[in-house]
Amino acid sequence: MNAADKYKRQFYPAPKTSCNWMKKTYIDRAPQWCSVDLRDGNQALVTPMSLVEKLEFFAELVRIGFKEIEIGFPAASETEYDFCRTLIEQNLIPDDVTIQVLTQSREHIIQKTFEALRGCKQAIVHLYNSTSVAQREQVFCKSREEIMEIAISGAKLCKEYREKYEGNFRFEYSPESFTGTEPEFALAVCNAVLDVWQPTPDDKVIINLPVTVQLSMPHIYANQIEYMCENLKYPESIIVSLHPHNDRGCAIADTELGLLAGAERVEGTLFGNGERTGNADIITLALNMYSQGVEPNLDLSDIPSLTEFYNRLTHMEVNERHPYSGKLVFAAFSGSHQDAIAKGLKWRETHRDEHWTVPYLPIDPADIGREYEADVIRINSQSGKGGIGYILETRFGYNLPRKMREHVGYLVKGISDHQHKELMPDEVYLIFKEHYVNLTSPLNLTAIHFVQRDGIEATVDIAYHHETTTVTNSGNGRLDAVSNAVRTYTGLEYTINTYTEHALEGGSSSKAVSYVEILSGTGQSFWGVGIDTDIITSSIKAFISAFNNMLTANDAASNG
């Protein structure tokens, strides 16, 4: 990277403004949203959508709640023209939705645009011409005065043709490449167009200020927007709109700061699709507002289905780490993250807090159609006891003792690390079941009989190494009596250190689950789990499972 001096700053900071936007801390209301998926988004696809696909996409945008949808450039091609006509002739545009069409400042294009709108109840005619220094000098080879005349001429033609056609047609003007235009000149051009259109509060004009190419940091754009908002004519009769692209990766920041600076409207696309690095991502913008307690006025309650729809029609793929929408954006593999999330979710259950404050989750995944088990707690070699315990509890009903969670966590992480893969919830459960639940090898109790005599006396048939032996011993309870019988038979030293139990399922036919930890003579911990309809039997099964884990470890040490 030894050629940085070949580049220079191509943006033009705004003259001094009030900088009121810097004093604001959040956006307090949703802007007017305008989807440009069918224009900016479509022209950026490797394979543009067919007419049928466009119609399906339009219907989905309407379902989501967009009230303004830019459908294309009707004069640019037969497909674009036919799409506009189909929407109108088949009455596919709801009364509360306004379509928007793009046109250059050339009479035959403007005429074709209005012809495409015949019979449309309401539409926005979007006029644009490029005003930046680079475009003026290199592309059009025109002076400021000539560029301004293109804008004025187009505005006059739009006004003339509006009078020739029936329909409620509103106007929008964009000084394309606004961010590469001197702010004073951009202001002069926009005001000249406004003078032609003479907007009123009942016939407002949209002044759209696009980040056609991102050239500066977001605060520069915010100052440019505030300068325009403070100096545009007819302030009560205009709507200032934003249309950021993402060349520097700042489209979201540009948009949010632009709204703080006075804009009221945003043009963008689903998932940020668009030319080069894309447009402003309306879904991310809307959910950013949602996470701050602001209703975005869009139905984003089923992001997985919306993502599938988008991928299918555009033949694009939403990145796995795409904000809010990606498959992995809520996924926590880290053990500390999993533990914090699991505890946060548990805290919500006990505290009934009306506000969402769960660590690491900026919004409730369920609000946008995501599932905790499938999307949030993900298990691999980086996971910890909190996440694994959460899955076993919420998915399968096992509320493991705190110390056992750590024991199980190390086992599952080790298997994931050895296999070099993520483990699905069912795989985690299978590992848990195979290593802890109702283990009957190498030692098994084939029969147990209890007698009340000086406490509890247990007579136990023990199967071990292909032999069955009957042993009798007593204890202060059934579990203690069985444990003493096994100790007498094997001669091994251990103590039962932990015992807990709970119902595995609700209802009269519920099963009991018991957890037992034993400590070997050397202090090593071994766990077992027992499940049975009888609580005593489940506790004994848990003990035997823990004992078998100790036997297996002893055998491995002897053979090693």
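The structure presented is a predicted model; accordingly, all values stated were derived computationally and were not measured. In this chain, numbering begins with 1 at the start of the sequence shown.
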**Student:** Using distance alone, with no hydrogens and no angle criterion, decide if Asn223 and Trp21 have a side-chain donor and acceptor under 3.5 Å apart.
**Tutor:** yes

**Student:** Please confirm whether the backbone N or O of Ile239 pairs with a side-chain atom of Lys204, one donor and one acceptor, at under 3.5 Å?
**Tutor:** no

**Student:** Are Asp299 and Ser301 close enough that a side-chain donor and a side-chain acceptor fall under 3.5 Å?
**Tutor:** yes

**Student:** Is there a donor in the side chain of Glu176 and an acceptor in the side chain of Thr212, or the other way round, less than 3.5 Å apart?
**Tutor:** no

**Student:** Any salt bridge between Glu115 and Lys164, counting N to O under 4.0 Å?
**Tutor:** no

**Student:** For Asp247, is there any backbone N or O sitting under 3.5 Å from a side-chain donor or acceptor partner on Thr277?
**Tutor:** yes

**Student:** One pair to check against side-chain contact (heavy atoms from CB on, under 4.5 Å): Val205 and Leu194. What are the steps and the verdict?
**Tutor:** CA-CA 8 Å; Val205 163; Leu194 290 172; 3.7 Å; yes

**Student:** Between Gln100 and Glu172, is there a side-chain donor-acceptor contact under 3.5 Å, judged purely by atom types and distance?
**Tutor:** yes

**Student:** Looking only at heavy atoms, which two atoms of Thr269 and Gly41 are closest? And how far apart?
**Tutor:** CG2-N, 4.2 Å

**Student:** Do the side chains of Glu70 and Arg39 get close enough for a salt bridge, i.e. N-O under 4.0 angstrom?
**Tutor:** yes

**Student:** Quick one about Glu107 and Tyr161 (side-chain donor to acceptor, distance below 3.5 Å, no hydrogens or angles considered), yes or no?
**Tutor:** yes

**Student:** Below 4.0 angstrom, N of the basic side chain to O of the carboxylate: do Arg29 and Glu295 qualify?
**Tutor:** no

**Student:** Just by distance, do the side chain of Thr179 and the backbone of Val213 share a donor-acceptor pair under 3.5 Å?
**Tutor:** yes

**Student:** Given Leu285, which partner from the list Leu259, Ile27, Ile252 fulfils the side-chain contact (heavy atoms from CB on, under 4.5 Å) test?
**Tutor:** Ile252

**Student:** Kindly assign one of parallel, tilted or perpendicular to the pair Tyr310 and Phe271, based on the angle between their ring planes and the thresholds 30° and 60°.
**Tutor:** tilted

**Student:** Would you sort out whether Asp37 and Ser35 count as a side-chain hydrogen bond (donor to acceptor under 3.5 Å, both in side chains), showing the intermediate values?
**Tutor:** CA-CA 6 Å; Asp37 287 273; Ser35 163; 2.7 Å; yes

**Student:** Thinking salt bridges, do Arg312 and Glu308 make one under a 4.0 Å N-O criterion?
**Tutor:** yes

**Student:** Hey, are Tyr290 and Asp367 close enough side-chain-wise for a donor-acceptor pair under 3.5 Å?
**Tutor:** yes

**Student:** Parallel under 30°, tilted from 30 to 60°, perpendicular over 60°: which one fits the rings of Phe178 and Tyr221?
**Tutor:** perpendicular

**Student:** Measuring from atom CD1 of Ile71 to atom OG1 of Thr98, what distance do you get when rounded to the nearest 0.5 angstrom?
**Tutor:** 11.5 Å

**Student:** Does the Ser105 side chain pair with the main chain of Gly154, one donor and one acceptor, at a distance under 3.5 Å?
**Tutor:** yes

**Student:** Evaluate side-chain contact (heavy atoms from CB on, under 4.5 Å) for Ile368 paired with Asp302, printing each intermediate quantity in order.
**Tutor:** CA-CA 5 Å; Ile368 57 173; Asp302 191 355; over 6 Å; no

**Student:** Cationic tip of Lys159 within the cone over Phe171's six-membered ring, i.e. under 6.0 Å and within 45° of the normal?
**Tutor:** no

**Student:** Using side-chain contact (heavy atoms from CB on, under 4.5 Å), reason through Leu127 and Ser174 one step at a time and then give a plain yes or no.
**Tutor:** CA-CA 6 Å; Leu127 172 72; Ser174 290; over 6 Å; no

**Student:** Which of parallel (below 30°), tilted (30 to 60°) and perpendicular (above 60°) describes Tyr360 and His337?
**Tutor:** parallel

**Student:** Taking Ser291 for the side chain and Asn288 for the main chain, is one N or O donor matched with an acceptor at less than 3.5 Å?
**Tutor:** yes

**Student:** Could you walk me through whether His322 and Thr307 pass the side-chain contact (heavy atoms from CB on, under 4.5 Å) check?
**Tutor:** CA-CA 11 Å; His322 195 101; Thr307 303; over 6 Å; no

**Student:** Can any side-chain N or O of Glu146 pair as donor or acceptor with the backbone N or O of Ser143 at less than 3.5 Å?
**Tutor:** yes

**Student:** Any luck finding a side-chain donor-acceptor pair between His245 and Asp254 under 3.5 Å?
**Tutor:** no

**Student:** Sub-3.5 Å donor-acceptor pair from the side chain of Arg136 to the main-chain atoms of Lys142, do we have one?
**Tutor:** no

**Student:** Look at Arg170 together with Glu68 and state whether they make a salt bridge at an N to O cut-off of under 4.0 Å.
**Tutor:** yes

**Student:** Hydrogens and angles aside, do Gln198 and Tyr234 bring a side-chain donor and acceptor to less than 3.5 Å of each other?
**Tutor:** yes

**Student:** When you check the side-chain N and O atoms of Asn129 and Gln104, is any donor under 3.5 Å from an acceptor?
**Tutor:** no

